[in-house]
Amino acid sequence: MSIKSIAAKIFAKTVAKKNKQWSSQPEVTQLKVFADLIRSAENTAFGRDHDFKNIRSYDDFARQVPIRDYEGLKEYVDRAVAGEPDVLWKGKPLYFAKTSGTTSGAKYIPLTKESMPFHIQAARDAILHYVHETGKAGFVDGKMIFLQGSPMLEEKNGIKFGRLSGIVAHFVPAYLQKNRMPSWETNCIEDWETKVDCIVSETINQNMTVISGIPSWVQMYFEKLLQRSGKSIGDLFKNFSLFIYGGVNFEPYRAKFENLIGRRVDSIELFPASEGFFAYQDSQIERGMLLLLNSGIFYEFIKADEFHIENPKRLTIGDVEIGVNYVMIISTNAGLWGYNIGDTVEFTSKKPYRVIVSGRIKHFISAFGEHVIGKEVESALQEAMENSTARVTEFTVAPQITPESGLPYHEWFIEFENEPQDLDAFALKIDNAMRKQNVYYNDLIIGNILRTVVVTKVTSGGFSDYMKSIGKLGGQNKLPRLSNDRKIAEKLL
């Protein structure tokens, strides 16, 4: 065992003990975060506009600060982007993470000197919890790759702008620099396909032990390695033992990954976003990710089925229930206040508080009142693939409201690596799994309002071509699992 792996185990024990202290006092921890946020921002433009100096309790805050999305905060963000200090948070942001917006074009999410360290610490602690629980630390001696956006940044008004993953690349700890892949030059390549080809060339003969990224883009990397070498990933990287991912549910990809690798490897799920690093998988045994309650983020939750009514009830951490679908609302030390990030979560545990990401509040199908969410379609596909030779590369779901004949239906667009022997039977398995999960969908099938699921095959590379056509190939971009219209469906067809 190397000195580096011994040191990792010692450090992991310390971090796990420290995190247990705050996670065992969730409400106290969140109240402290709340008080620190309010006092730190009371002299900002937002703080003055919302009378932070007279906020003495959470109830005061809920009365004075409405729930907003990016559009609701845009007036303040634009002032900060223009270089005005003390707008949403004290001083100027260190960075703005540039992300794609649906209604306003590019979105600029602030990152401050107070918020930035938590992005780095959370990723580190996720790995250390894995080391502490499993005792496995040998991977620290090998090479690690993080498939991410370009670290090239712009600067204006004294603030740097870039993609979150590119910004984070500037904060890789010194003790990991020698192990880190790819090279800086390759990481700066903007064209994703060119970049992946260069990453393959740089890594194909290395001792890769940790690989990290969004599953769909790591899958592309694996496929190119297989094409180039003719070997499974497990044979090529004999010491590859840990896959770290975030952004989407890994389960629909797991079977194909294991096929590409040739064996099962451990994995760690992360829940990062430009707005904050919210959770990470702290256990290989327990379900869900540890919600980070001490990281400069105050959380509120609104039941998803109440979100669109006027003045829905806002809940804090002590009020949530296991198994309920919530919209997550955040207030942060980057200056986001009562901010709807768009993600929905379910709690799997309250001791400590762990969550799974159940979907996006804007990504659902409810053309007939069924309100199908991302978690349901992912679980249904996973169940359909059990005891099947089918392997799925990518998929998305859309309603077909006006078919040429017959009843309307949910259309599943699936790109297969291995097609099922009987596509109609596979579609029926999906449908039965959906009916078990969603009582409204089941009622629509029973009532002959909808017919059962229709699966439409997407040609090999079809989803990559679609993402490329909209300028979102690679990096941190993700394909929506489902939508309530047929914009993606029409492009695929």
Side-chain angles (χ1 to χ4, degrees), residues 22-23 25-42 44 46-47 49-52 54-73 76 88-89 109-110 114-115 118 122 271-279 288-350 352-362 373:
W22 62 257
S23 64
Q25 304 178 78
E27 293 180 66
V28 172
T29 299
Q30 277 283 274
L31 282 173
K32 183 178 185 306
V33 169
F34 174 76
D36 289 346
L37 291 174
I38 297 300
R39 296 290 78 82
S40 295
E42 62 183 21
T44 62
F46 189 93
D49 290 348
H50 295 81
D51 197 20
F52 275 22
N54 288 314
I55 289 178
R56 297 289 179 266
S57 66
Y58 166 69
D59 288 340
D60 292 341
F61 176 82
R63 279 193 297 269
Q64 291 167 212
V65 179
I67 301 297
R68 290 176 167 96
D69 57 13
Y70 184 81
E71 292 301 312
L73 273 185
Y76 292 98
L88 287 161
W89 190 254
I109 306 299
E114 288 81 11
S115 72
F118 288 111
F271 186 8
S274 300
E275 295 87 351
F277 203 125
F278 306 122
M289 295 175 282
L290 181 69
L291 188 65
L292 303 181
L293 302 175
N294 73 327
S295 297
I297 301 171
F298 178 72
Y299 297 92
E300 298 174 83
F301 304 91
I302 296 173
K303 290 182 179 179
D305 57 6
E306 298 177 3
F307 184 71
H308 296 290
I309 68 173
E310 189 173 353
N311 298 319
K313 185 172 178 58
R314 296 161 69 167
L315 308 172
T316 57
I317 195 66
D319 304 315
V320 298
E321 303 166 19
I322 292 173
V324 176
N325 199 31
Y326 293 105
V327 179
M328 193 165 79
I329 309 298
I330 59 169
S331 298
T332 78
N333 55 5
L336 302 175
W337 301 101
Y339 187 86
N340 170 23
I341 64 169
D343 285 317
T344 57
V345 299
E346 287 184 15
F347 285 87
T348 61
S349 165
K350 294 169 74 171
Y353 281 87
R354 293 192 180 98
V355 297
I356 58 169
V357 180
S358 52
R360 299 276 295 168
I361 192 62
K362 290 183 179 179
I373 62 174

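Along the sequence shown, the residues carry numbers beginning at 1.
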Is there a side-chain contact between [X] and [Y] (heavy atoms, below 4.5 Å)?
| X | Y | answer |
| --- | --- | --- |
| Ile67 | Arg314 | yes |
| Trp89 | Leu37 | yes |
| Leu292 | Phe271 | no |

Under the 3.5 angstrom rule, does the side chain of [X] hit a backbone N or O of [Y] as a donor-acceptor pair?
| X | Y | answer |
| --- | --- | --- |
| Thr344 | Asn325 | no |
| Asp60 | Arg63 | no |
| Thr332 | Ile297 | no |
| Tyr353 | Pro26 | no |
| Gln64 | His50 | yes |

For the student: nearest non-hydrogen atoms of [X] and [Y], plus distance:
| X | Y | answer |
| --- | --- | --- |
| Pro312 | Ile302 | CB-CG2, 3.7 Å |
| Leu293 | Tyr299 | CD2-CD1, 3.9 Å |
| Phe34 | Ile55 | CZ-CG2, 4.0 Å |
| Ser23 | Leu290 | CB-CD1, 4.3 Å |
| Tyr339 | Asp69 | CE1-C, 3.8 Å |
| Asn333 | Phe118 | ND2-CE1, 3.7 Å |

| request: Output, in order, the C-alpha distance, side-chain angles, deciding distance and verdict of side chain to side chain contact (heavy atoms under 4.5 Å, CB included) for Glu346 and Tyr326. | output: CA-CA 6 Å; Glu346 287 184 15; Tyr326 293 105; over 6 Å; no
| Aromatic rings Trp337 and Phe52: how do their planes relate, parallel, tilted or perpendicular, breaks at 30° and 60°? | perpendicular
| query | Parallel under 30°, tilted from 30 to 60°, perpendicular over 60°: which one fits the rings of Phe298 and Tyr58? | reply | tilted
| query | How about Lys313: does its NZ atom have over 12 heavy atoms from other parts shown lying under 6.0 Å from it? | reply | no
Spacing of [atom1] belonging to [X] relative to [atom2] belonging to [Y], to within rounding of 0.5 Å:
| X | Y | atom1 | atom2 | result |
| --- | --- | --- | --- | --- |
| Asn340 | Glu300 | CG | CD | 11.0 Å |
| Arg354 | Thr348 | CZ | OG1 | 6.5 Å |
| Ile317 | Leu291 | CD1 | CG | 5.5 Å |

| field | Single hit among Val324, Val327, Val345, Asp319 for side chain to side chain contact (heavy atoms under 4.5 Å, CB included) with Phe301 | value | Val345
| field | Stepwise side chain to side chain contact (heavy atoms under 4.5 Å, CB included) test for Val355 and Phe278 | value | CA-CA 10 Å; Val355 297; Phe278 306 122; over 6 Å; no
| Salt-bridged, Asp36 to Lys32, with N to O below 4.0 Å? | yes
